Structure formats: structure tokens, C-alpha cells
Amino acid sequence: MGVTGAVVLAAISVALAFSLSGTSKPGARVDALMSVDPATGQFLLAGGVVPGGNDPEEWPRLYDLWSWTGRTWKSLPNGLPADSPNNQENAWMTYDPAAREVVLVSSLETSTWDGRAWHTAKGPTPGLVSFVAFDSATNQLVALASSDDDQSFQTWTWGAEGWQLQRAAVAVPGLPYPVGNVAYDGATGQLLLVGWLPARGSAPRFTMESWTGRTWVQLHPQRTPPFSLDMDGFAYDDAT
């Protein structure tokens, strides 16, 4: 891919169904939010919708919160905030190593999880968030949200003062879901955006961008991954 280290592309499904054995477990659902929480030793599962009927808008929505101990599921008393989006299409839930907390961000508000309860963050929210990833080089969460024209992403960073719009950052192309993703490459110290841009009358064009902490720089790898309409996985392989 033209960079040192290995970044792994994988096609994964966003529809997640849970049917684990045990007396207490999450019910079957799709588009649930999930995040590891090293600060509390929890793996969190939240929300989602229950498929049923022909109209997804009428599917029952869940706002429950579960933690996985490694052997069993545990239902947590404080579920998702009642007014927060509860699925992957409208929100992101991820761990912030700098603040040692789980962050739930949506177009409506941002909430943080301290291991016991949710807290509503102050300040603006990025809007319609497409990707969120932690940039270890700058020690902050970076969010890409659709701009007003929906043809490019605005860049936001998360810190003690909440979300800050990086107005000086070069806008990067908006990627149609699900043909793109963002991940941090620990070998090269780069936060990378990859995906395919739609093209009229020709094959989709692969694009790759690197975040410098201030702006985005387009990369030009000699080889590119094969095009896939279902490319939704992009992760760093620390072993190699």
C-alpha cells in the first residue's frame, strides 16, 4: 500500500446478532454500538435495532447497555441516554485513551461513559459523523463529519474542551458508506483514511489520505486494494 507496516483490509458485516449461551444475554439485534473500555476492563455493547417487518424505520429500537466479562454478559443499569442515537448509522462509540473514557458522538450530542454513568459533554457536536479514530501521534480523537455540501469531510478533534472544528485543515473527499474507513498505523505513526470515490462512467477511484495533526495529505500508494462495495474493515496489525 506504499507505507511501512501492515494495515489490514477486511470485509465485515455491520449486522451483528447475539445468541450466546447463558441466562442473561443481549437479545438479537443489528447495528449495535460496541467499544472496548480498558479503563474499567469492560467491553461494551449498546443499543441497536430489532429487525422485524418491511420498514426499518418501524423496527424496535434498543437503548440497553451490556458489558462482556470474557465469559458472560452483564446488564448495566445505566443504558444509553434516552435522547441519543442508538445505532451505527447515526452514532459512533469509541474509547479515548487520552481521557480514559468511552465517547459516544452523534449529530445531536456527545456523551462520555466513566464506567458507571453517562455524562453529556458541553460544546458543539461534529454533525453527521462518518468516521472516528484515535490518533496516537497527536494523542486525540479525530472525527470526520459531512460538510454542508456533503461532498467532503470536515475534521474535528476531541479534547478537554470538547469537539473543535479544525478550520485550517484541508477538506478530504466524502466517502459513500460503506466503502471507506479510518485507522491509525502504528508503524508509520499515521492516521489513515482509505476508501473509494464514486465516478461517473468509470470505475470507482481509490483514495488514501494521511492526517498530520493539522491537515490531510493525499498519499499515492503503488498498489491499491481491489474495489469492494462491502469494504468496512480497516485495522492495524500490531504483530507484523
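Basis for what follows: all heavy atoms, side chains included, without hydrogens, waters or symmetry-related copies. Everything quoted here is computed from the prediction, not taken from an experiment.
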Q. Out of curiosity, does L197 fall in the hydrophobic cluster containing V172 (side-chain heavy atoms, cut-off under 4.5 Å, transitive links)?
A. yes
Q: Give the cluster check for V170 versus L219: same hydrophobic cluster or not, with ILVMFWY residues linked at side-chain heavy-atom distances below 4.5 Å.
A: no
Q) Should M34 and V36 be counted in the same cluster of Ile, Leu, Val, Met, Phe, Trp and Tyr side chains packed under 4.5 Å apart? A) yes
Q) In the single-linkage hydrophobic clustering (I, L, V, M, F, W, Y; side-chain heavy atoms under 4.5 Å), do V129 and W211 co-cluster? A) yes
Q: For residues L191 and A133, report the shortest heavy-atom separation together with the two atoms involved.
A: CD1-CB, 3.7 Å
Q: Check side-chain contact (heavy atoms from CB on, under 4.5 Å) between Q164 and all other residues, then give those that pass, not counting sequence neighbours.
A: T157, E161, Q166
**Q.** Close side-chain approach of V182 to F153, heavy-atom, < 4.5 Å
**A.** no
Q) Considering all heavy atoms of both residues, which atom of W118 and which atom of S111 are nearest to each other, and what is their separation? A) CE3-CB, 3.8 Å
Check residues 45-63 and write down every donor-acceptor pair under 3.5 Å in which the side-chain atom is one partner and the other belongs to a residue at least two apart or another chain.
{"residue": "D55", "atom": "OD1", "partner": "E57", "partner atom": "N", "Å": "3.1"}
{"residue": "W59", "atom": "NE1", "partner": "G52", "partner atom": "O", "Å": "3.0"}
{"residue": "W59", "atom": "NE1", "partner": "G53", "partner atom": "O", "Å": "3.2"}

Q.
Can you classify the ring geometry of W68 versus W73 as parallel (below 30°), tilted (30 to 60°) or perpendicular (above 60°)?
A. tilted
Q) How many angstroms lie between atom CG of D185 and atom CG of D135, to the nearest 0.5 angstrom? A) 11.0 Å
**Q.** Separation of S136 OG from Y236 OH (nearest 0.5 Å)
**A.** 10.5 Å
Q: May I have all residue pairs that pass side-chain hydrogen bond (donor to acceptor under 3.5 Å, both in side chains) and include part of residues 35-50, sequence neighbours excluded?
A: D37-T40, T40-Q42, Q42-W113
Q | Closest approach of R205 to Q218 (non-hydrogen atoms, all atoms of both residues) | A | NH1-NE2, 3.9 Å
Q | Closest non-hydrogen atom pair between Y184 and G189, with its separation | A | OH-CA, 3.1 Å
(Q) In the structure I gave you, are the side-chain heavy atoms of D96 and T112 within less than 4.5 Å of one another anywhere? (A) no
Q) Would you say Y95's side chain and F134's backbone share a donor-acceptor pair under 3.5 angstrom? A) no
Q) Considering only heavy atoms from C-beta outward, does the side chain of F234 approach that of L193 to under 4.5 Å? A) no
Q | Atom pair CG/CH2 of L141 and W156 - distance to nearest 0.5 Å | A | 14.5 Å
Q | Residue pair S210 / L192: nearest heavy atoms and the distance that separates them | A | CB-CD2, 4.0 Å
Q. Is it true that the side chains of T215 and T212 contain a donor and an acceptor less than 3.5 Å apart?
A. no
**Q.** Rounded distance (nearest 0.5 Å) linking atom CG of L65 with atom CE of M93
**A.** 7.0 Å
Q) Does any N or O in the side chain of W158 come within less than 3.5 Å of the main-chain N or O of Q140, such that one atom is a donor and the other an acceptor? A) no
Q: Scan residues 121-131 for pairs that pass side-chain hydrogen bond (donor to acceptor under 3.5 Å, both in side chains), counting only residues two or more places apart or in two chains.
A: none
Q: Would you give the length of the straight line joining atom CG of D114 to atom NE2 of H119, rounded to the nearest 0.5 angstrom?
A: 3.5 Å
Q | Nearest non-hydrogen partners of W163 and T110, listed with the distance | A | NE1-OG1, 3.0 Å
Q: Output all residues satisfying side-chain contact (heavy atoms from CB on, under 4.5 Å) with L128, sequence neighbours left out; order by chain, then residue number.
A: S146
Q. If you measure from CG on L44 to CG on L76, what distance do you get to the nearest 0.5 Å?
A. 6.5 Å
Show the atom names and distances, to 0.1 Å, of all donor-acceptor pairs under 3.5 Å that link a side chain in residues 99-106 to residues at least two apart or in another chain.
{"residue": "S106", "atom": "OG", "partner": "L108", "partner atom": "N", "Å": "3.2"}
{"residue": "S106", "atom": "OG", "partner": "E109", "partner atom": "N", "Å": "3.3"}
{"residue": "S106", "atom": "OG", "partner": "E109", "partner atom": "O", "Å": "3.1"}

Q) Should the ring pair W196 and F227 be called parallel, tilted or perpendicular, given that the plane angle runs from 0 to 90° and is split at 30 and 60? A) perpendicular
